[in-house]
Number of protein chains: 2
Amino acid sequence: MAVTVKDVAKAAGVSTATVSRVINDDPRISEKTRKRVLECIEKLGYRVNNIARSLKTSKSYTVGFVSPELTNDFFMGIAKGVETELRKHGYNIIVCNSNENVDEERDRIKLLCEKCVDGIILIPSSGKGSHLNEFKDAGIPIVLVDRLVSEFETDAVLVDNINGSYSAIEYLINQGHRRIAFIGGNVEITTAFERYEGYLRALRDYRIQPEKEIIKFGDFHVDSGYDLMKELMEMNNPPQHVFISNYFMHVGAIKYLLENKESIKVQVSIAGFDDMELSSILGLCNVRVAQPIVKIGRRAAQLILSKINHEEAEFPQILRLKTELKIESKV
Amino acid sequence: MAVTVKDVAKAAGVSTATVSRVINDDPRISEKTRKRVLECIEKLGYRVNNIARSLKTSKSYTVGFVSPELTNDFFMGIAKGVETELRKHGYNIIVCNSNENVDEERDRIKLLCEKCVDGIILIPSSGKGSHLNEFKDAGIPIVLVDRLVSEFETDAVLVDNINGSYSAIEYLINQGHRRIAFIGGNVEITTAFERYEGYLRALRDYRIQPEKEIIKFGDFHVDSGYDLMKELMEMNNPPQHVFISNYFMHVGAIKYLLENKESIKVQVSIAGFDDMELSSILGLCNVRVAQPIVKIGRRAAQLILSKINHEEAEFPQILRLKTELKIESKV
DNA sequence: ATCTGTTATGCACACGATTACATATGTAGT
DNA sequence: ACTACATATGTAATCGTGTGCATAACAGAT
């Protein structure tokens, strides 16, 4: 059915080896035959079969990308960076949704191994990583993104969460605020823990005693941000400044504020992590810790490429990218 | 290096054919040898090489998913539906970003063909489709999603945009409003055209003369929504009701309204297409035409599966999914 | 004419699995 | 004992490429 090198070879009156060499730009082929072969390829509409090629070369030019969720601009921003960078090198990504579930995560990785991907970029769905050791002997390089996991060591691209939080809190303190509430994610996730750590560190450095009642932990989702903001606002003495360490929680918090404008006794200002399309329009968040989202993806791609090509500098390697503090001056 | 059927066969004292049959659940294998083979598979840590399998069976169990953008919850909601459905049948998706660019779209599809994907699900990046004909002879089924294109016929999963718009406008009219502005996308894109058509049709059915000055077209992006809302609000006689036929434009429009609260003379209510996580929190949009986003993906997956398996009922087939009108009662 | 070296091409096997066909074994019926 | 048939397994070809090795063709030097 499909046109193969064999057909091209026959048409051009050469061997399949020659055709293969033409396809792969082997310089030893004479201009004359190269031209003839290329003509036949064109005429017959030949297209290389990458499955066969992969079998022969043991390179699939495909990497797996496993994300806890697909409808999430943060994760997909990373995916975008990964795709853009890998595409330059002829790679594609197989995208899998782990549904924030360790079992599904394992399942997807297993399938990716069986598909012989050249590497895997994983945004872990939890803080645990023991199940990842099962795949060590498959010899497929893995790069973690955004979060680290326990019981599994590998390269990773992360953000400097501690100093990200720190800088935002420091800014607020310098503005004269001393009672700053905190809404964060589950501290078993490294990202959440580090952002909390940055908050605490800034308070300590400025000799401010953390106030337990205004420090709340949830799960990085919209509803959680909503609920925790509600808790804060229903206190007798609600805080006027809240640092929220995740974009989605921040959206949820603002949702609560907008829905309950009348009943809230104080005016609240929000500082938050991430600077997404919608962060600015919500108007209630004028201090933001921006992550270089697409760059995270790019770096992860570069890292996996160098592992695939065994340019192992000093692995395991952990890249920490800096955040940027964005202040929106109230007009 | 890696363990192959050969190794397993040797270890179990059988031929590779037998091992292959065990792997593929061939019922002709005796319980005794099946057990022995499975033990050896376990012991050696054998994992099937899907590249080799694909070469032999000409099935890659992979489909391509080409989207104009990755950081877009609408497109990724579709991707999620696709992934979920295909996963059940053992398929994976290679996700490509066409960057809303026809040339890149063609480029990605070409690569997908060379990777021997079993099918392609495409969210077209423009209204043109002539370049898709190049891939007809590759024999790889294609399913379009969300939009149709000119000069190329194939199956598609779409939304009933006309009646979606219609129902929203009809609702507003029944509420007593007669001056309803329209902000829409480029009418060369079928989706945008149909939503405009629904708007017009509703006005006509209720004997309302469309008013050119309050009908605006942009490009389905946030900035465009912002600009067009600005145009409307800067009119001498700004409309009080605006129907915005796309989620991102709707976000941009609200951004403008929030930023310019003081200078806007009228109170504006917005009706919009799509019902996303953030639609509700913005509070300014209480009438929404909800698309069954994940279901669109599911159906596209089912369609591509039936084409792959040649269960061609009566192709080309166009599925139109119904929208749902969501009214948020102002409390 | 012979040798050396370079360049261009072909032969044939391998990658790791599937599968049509052949064969071996067992069982039962006549 | 012979045939008939079902069951279980093996043999070997095949999918479409890439590539080590062999070889052919030719030029230039001796």
Side-chain angles (χ1 to χ4, degrees), chain A residues 1-38 40-41 44-62 90 111 113-118 138-140, chain B residues 1-38 40-41 44-62 90 111 113-118 138-140:
Chain A
M1 190 67 193
V3 185
T4 75
V5 276
K6 229 183 228 168
D7 303 313
V8 176
K10 199 182 292 174
V14 296
S15 73
T16 62
T18 301
V19 176
S20 173
R21 289 183 184 121
V22 169
I23 295 168
N24 295 294
D25 289 321
D26 190 315
R28 294 176 304 181
I29 300 293
S30 72
E31 270 320 304
K32 206 174 52 180
T33 58
R34 154 163 301 145
K35 206 179 151 204
R36 188 152 34 96
V37 170
L38 287 176
C40 291
I41 286 178
L44 301 183
Y46 167 80
R47 285 206 194 89
V48 51
N49 178 327
N50 270 296
I51 300 274
R53 177 179 281 178
S54 293
L55 178 59
K56 194 62 190 153
T57 60
S58 343
K59 289 217 43 172
S60 62
Y61 282 92
T62 305
L111 202 76
C113 289
E114 289 178 355
K115 286 235 168 146
C116 306
V117 294
D118 296 336
I140 298 178
Chain B
M1 188 71 192
V3 185
T4 74
V5 276
K6 231 182 227 168
D7 304 314
V8 176
K10 200 182 295 173
V14 297
S15 73
T16 62
T18 302
V19 176
S20 172
R21 288 184 185 119
V22 170
I23 295 167
N24 294 294
D25 289 321
D26 191 315
R28 292 175 304 178
I29 299 293
S30 72
E31 269 320 304
K32 205 174 49 179
T33 58
R34 152 161 302 141
K35 207 180 150 202
R36 187 150 36 95
V37 170
L38 286 176
C40 291
I41 287 179
L44 302 182
Y46 168 81
R47 285 206 194 88
V48 53
N49 179 327
N50 269 295
I51 301 271
R53 177 181 279 177
S54 293
L55 177 60
K56 192 61 191 156
T57 60
S58 345
K59 288 219 47 175
S60 62
Y61 282 93
T62 304
L111 201 76
C113 289
E114 289 179 353
K115 285 235 168 147
C116 306
V117 294
D118 296 336
I140 297 178

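In the text below, chain A, chain B and the rest are named by the order of the sequence lines, each starting its count at 1.
Fit an axis to the five pairs at each end of the helix from C/dA1-D/dT30 to C/dT30-D/dA1 and the two axes sit 60° apart, to the nearest 10 degrees.
None of A/Val19, A/Val14, A/Leu38, A/Val22 except one satisfies the side chain to side chain contact (heavy atoms under 4.5 Å, CB included) rule with A/Val8; the exception is A/Val19.
Counting non-hydrogen atoms under 4.0 angstrom, A/Arg47 reaches the backbone sugars and phosphates but no base. The residue B/Val14 sits close only to the backbone: its heavy atoms come under 4.0 Å of sugar-phosphate atoms, none of a base. Nucleic acid contact class of B/Thr33 (heavy atoms, under 4.0 Å, all strands): sugar-phosphate only.
The salt bridge (charged side-chain N to carboxylate O under 4.0 Å, His left out) pairs that include a residue from residues 3-20 of chain B number zero, where partners must be two or more places apart or lie in different chains. Identified under the salt bridge (charged side-chain N to carboxylate O under 4.0 Å, His left out) test for residues 24-33 of chain B, with sequence neighbours left out: B/Asp26-B/Arg28, B/Glu31-B/Arg34.
Every residue two or more places apart in sequence or in another chain that forms a side chain to side chain contact (heavy atoms under 4.5 Å, CB included) with A/Thr62 is listed here: A/Ser60, A/Ile94, A/Val117, B/Lys115. Evaluation of the side chain to side chain contact (heavy atoms under 4.5 Å, CB included) rule for B/Thr57 yields B/Arg53, B/Lys59 as partners, not counting sequence neighbours. In this structure B/Ser58 satisfies the side chain to side chain contact (heavy atoms under 4.5 Å, CB included) test with no other residue, sequence neighbours excluded. Residues satisfying the side-chain hydrogen bond (donor to acceptor under 3.5 Å, both in side chains) criterion with A/Thr18, sequence neighbours excluded, are A/Ser15. Scanning for side-chain hydrogen bond (donor to acceptor under 3.5 Å, both in side chains) contacts around A/Thr16 gives an empty result, with sequence neighbours left out. B/Tyr46 meets the ring pair (Phe, Tyr, Trp, His ring centres under 6.0 Å) test with no other residue; sequence neighbours excluded.
The main-chain N or O of B/Glu114 is never found under 3.5 Å from a side-chain atom of A/Arg47 such that the two would form a donor-acceptor pair.
Considering only side-chain N and O atoms, A/Ser20 lies nowhere under 4.0 angstrom from the phosphate OP1 or OP2 of D/dT17. Dashed line: the shortest gap from a side-chain N or O of B/Ser54 to OP1 or OP2 of C/dA17 is not under 4.0 Å.
Looking at heavy atoms from C-beta onward, A/Val37 lies out of side-chain contact with A/Ile23 at the 4.5 angstrom threshold.
Remark: C1' of D/dG16 and CD1 of A/Ile41 are 14 Å apart, rounded to the nearest angstrom. Remark: C1' of C/dT25 and NZ of B/Lys32 are 12 Å apart, rounded to the nearest angstrom. Taking atom NZ on B/Lys10 and atom C1' on C/dG16, their separation rounds to 14 Å, with Å as the unit. Put simply, CD on A/Glu31 is 10 Å from P on C/dT9, counting in whole angstrom units. Between the CG atom of A/Asp7 and the P atom of D/dG16 there is a distance of 9 Å, rounded to whole Å.
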Enumerate all atom pairs, one protein N or O and one N or O from nucleotides 11-15 of chain C, separated by less than 3.5 Å.
| from | atom 1 | to | atom 2 | distance (Å) |
| --- | --- | --- | --- | --- |
| C/dA14 | N3 | A/Lys56 | NZ | 2.5 |

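Contacts between residues 22-30 of chain B and DNA chain D, defined by a heavy-atom separation below 4.0 Å, involve B/Arg28, B/Ile29, B/Ser30, listed by number.
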